[in-house]
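Working notes for the structure below.
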Amino acid sequence: MDLTFTEREQSFRAECRDWLAAHVPKQPLPSGDTREGFARHLEWERELFDAGWAVVSWPKPYGGREATLFEWLIFEEEYYRARAPQRVTQNGIFLLAPVLFEFGNEEQKARILGPMARGDYTWAQAWSEPNAGSDLASLRSEGHRVDGGFRLRGQKTWCTRGAFCDAIYGLFRTNPKVPRHKGLTYFMVPLDAEGVRVRAVERLDGDEGFAEVFFDDVFVPDRDVIGAVDKGWDIAMATTNSERGLTLRSPGRFMATAARLVDLWRRQRATADPALRDAVVEAFIDAEAYRWYTYGTVTRMLEGQAMGADASLNKIFWSEMDVRMHETALALLGPTRELEQGSSLTGDDGSWLKGFQFSLAGPIYAGTNEIQRNVVAERLLKLPKG
Ligand SMILES: Cc1cc2nc3c(=O)[nH]c(=O)nc-3n(C[C@H](O)[C@H](O)[C@H](O)COP(=O)(O)OP(=O)(O)OC[C@H]3O[C@@H](n4cnc5c(N)ncnc54)[C@H](O)[C@@H]3O)c2cc1C
């Protein structure tokens, strides 16, 4: 693997670094998981889009600049380095868009991708149900064939930012007579459709963006089915590996956290437990290791290899590294670590504490780490099924 960046990649990095330095809001925006913060983040997403930075790797007709996967990784490194706002369009641009590029028809792509990239129409993922999380194929929400489309019934839960988004995408059971992975269909549903009810759910940190969504005979036209009817499972699984292994949590995020941790160590070292220095160094090495491992993964992908079960290893690594880094930061902060945003005594306005609370969710979302360990054991280590 060639570890040097090409001239084109270096000038791409310089161009995004300069643009971000000039445009990233000087004051952090309110959390994108609150109503006010979500609206403020969308203004930022539009600014990004208008300057051509919202979806760098997409084709130009949809607002991208056809960046390579390596350039996308570079953009992500610069984005987090600049401490730019979280992407509230994430569940659309990173999770639904790849599905549409691979399985959507031309009408769907033309209608949906532009407004998604500009933050004019926002998407939440509605896969989980109260009794279907890890075992997603046991989902019970149903779709019934009617003239011109389907009628949906059931309940989804844990839809990130679903309380503020315009629409959801999710799987519904359209054929109960075949084995359970086979009779599922991938639908897109506007949240203002007749029969949809959205209930916000508050998180541990007080943000209220999570939603439960109830479907009471909701009509969805045929044009909002992605791919073939009853083939939704294959479509969903085709994109979960890129979510776990690459797009959802790129290395730039953790490199930026590690750099902040090193700064925190420098500020706190006079009073900190000297043993914490090792944890800070380890965090830095872990983030760099994840970076170069990901560059290796992208190299293999560009050579035509699929990511496969390696994505599960990745997901375990980044989520547990994130918890460790935040635990180290809280230990360095000492007695002020439990002070929340708004307290005049915190040196960091509570951002490490909030980050820690969110890091605890990392081993759960995008498939729990217990499930990922099962995948690693069975598919990579070839151990017998548990
Ligand atoms: C911050 C956050 C954001 C999320 N956003 C979304 C979203 O936008 N859209 C969406 O659809 N969902 C979302 N989720 C839900 C997430 O996908 C589920 O929480 C996850 O899949 C686990 O499902 P569950 O909560 O039903 O737990 P369960 O599946 O009930 O699992 C409970 C526990 O049992 C363990 N377990 C279960 N089965 C096995 C097994 N076979 N072997 C070993 N251990 C097992 C699990 O690892 C877990 O520890 C989000 C979750 C979080 C925390």
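None of the values given here were measured: they were computed from a predicted structure. One-based numbering, in listed order, for ligands and for the atoms of each.
- Within 6.0 Å of atom CD in Q10, more than 12 heavy atoms from other residues, nucleotides or ligands are found, so the atom counts as buried in its surroundings.
- Checking only distances, S128 does come within under 3.5 Å of ligand 1, N or O to N or O.
- A salt bridge (Lys or Arg N to Asp or Glu O under 4.0 Å) check over residues 180-191, counting only residues at least two apart or in different chains, returns the pairs D135-R180.
- Listed by atom number, the atoms of ligand 1 under 4.0 Å from Q125 heavy atoms are 7 (C), 8 (O), 9 (N), 10 (C), 11 (O).
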Would you check, one step at a time, whether the test ring-ring contact (aromatic ring centres under 6.0 Å, His included) holds for Y365 with W158? CA-CA 10 Å; Y365 62 77; W158 307 128; over 10 Å; no
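- Residue-to-ligand polar distances keep Y365 apart from ligand 1: every N/O pair is separated by 3.5 Å or more.
- Considering both main-chain and side-chain atoms, D135 never comes within under 3.5 Å of ligand 1 through any nitrogen or oxygen pair.
- Note on D322 versus R249: no salt bridge recorded, every NZ/NE/NH1/NH2 to OD/OE distance being 4.0 Å or above.
- Near E370, with a cut-off below 4.0 Å to any heavy atom, the atoms of ligand 1 are 43 (C), 44 (N), 46 (C), 47 (O), 49 (O).
- In this structure, atom 7 (C) of ligand 1 is in close contact with the protein, since a protein heavy atom lies within 4.0 Å of it.
- Under the 4.0 Å distance rule, the nearest protein heavy atom to atom 22 (C) of ligand 1 falls inside the cut-off.
- Near T160, meaning under 4.0 Å from any of its heavy atoms, are these atoms of ligand 1: 3 (C), 4 (C), 5 (N), 6 (C), 7 (C), 8 (O).
- Taking only non-hydrogen atoms, the option from P363, S134, A124 nearest to atom 29 (O) of ligand 1 is S134.
- Taking the centre and axis of the six-membered ring of F38, the NZ or CZ atom of R161 falls outside the cone set by 45° and 6.0 Å.
- What sits closest to atom 20 (C) of ligand 1 on the protein, heavy atoms only, is I364 O, 3.8 Å.
- Close approach of ligand 1 to A361 is summarised as follows: ligand atoms under 4.0 Å from at least one heavy atom of the residue are 1 (C), 53 (C).
- Using a cut-off of 4.0 Å between Lys/Arg side-chain N and Asp/Glu carboxylate O, E107 and R111 are scored as salt-bridged.
- At the top of the distance list for atom 2 (C) of ligand 1, counting protein heavy atoms only, stands F210 CZ, 3.5 Å.
- Among protein heavy atoms, atom 25 (O) of ligand 1 sits closest to W158 NE1, 4.3 Å.
- Given atom 39 (C) of ligand 1, the protein heavy atom at minimum distance is I371 CD1, 3.5 Å.
- Less than 4.0 angstrom separates atom 47 (O) of ligand 1 from at least one non-hydrogen atom of the protein.
- The side chain of T368, and not its backbone, has at least one atom closer than 4.0 Å to an atom of ligand 1 (non-hydrogen atoms only; side chain from C-beta on).
- The environment of CZ in F94 is crowded: more than 12 heavy-atom neighbours from other residues, nucleotides or ligands sit within 6.0 Å.
- In summary, R253 and E76 do not engage in a salt bridge, as defined by a charged side-chain N under 4.0 Å from a carboxylate O.
- Summarising the geometry, atom CE belonging to M188 is positioned 4.0 Å from atom CD1 belonging to I226; distances are rounded to the nearest 0.5 Å.
- Every residue meeting the ring-ring contact (aromatic ring centres under 6.0 Å, His included) condition with H326, not counting sequence neighbours, appears here in chain and number order: W352.
- Residue, atom and distance of the protein heavy atom nearest to atom 26 (O) of ligand 1 are G133 CA, 3.3 Å.
- Remark: atom 16 (C) of ligand 1 lies closer than 4.0 Å to at least one protein heavy atom.
- Those atoms of ligand 1 that come under 4.0 Å of a heavy atom in N374, given as number and element, are 40 (C), 41 (N), 42 (N), 43 (C).
- For L136, no heavy-atom contact with ligand 1 is shorter than 4.0 Å.
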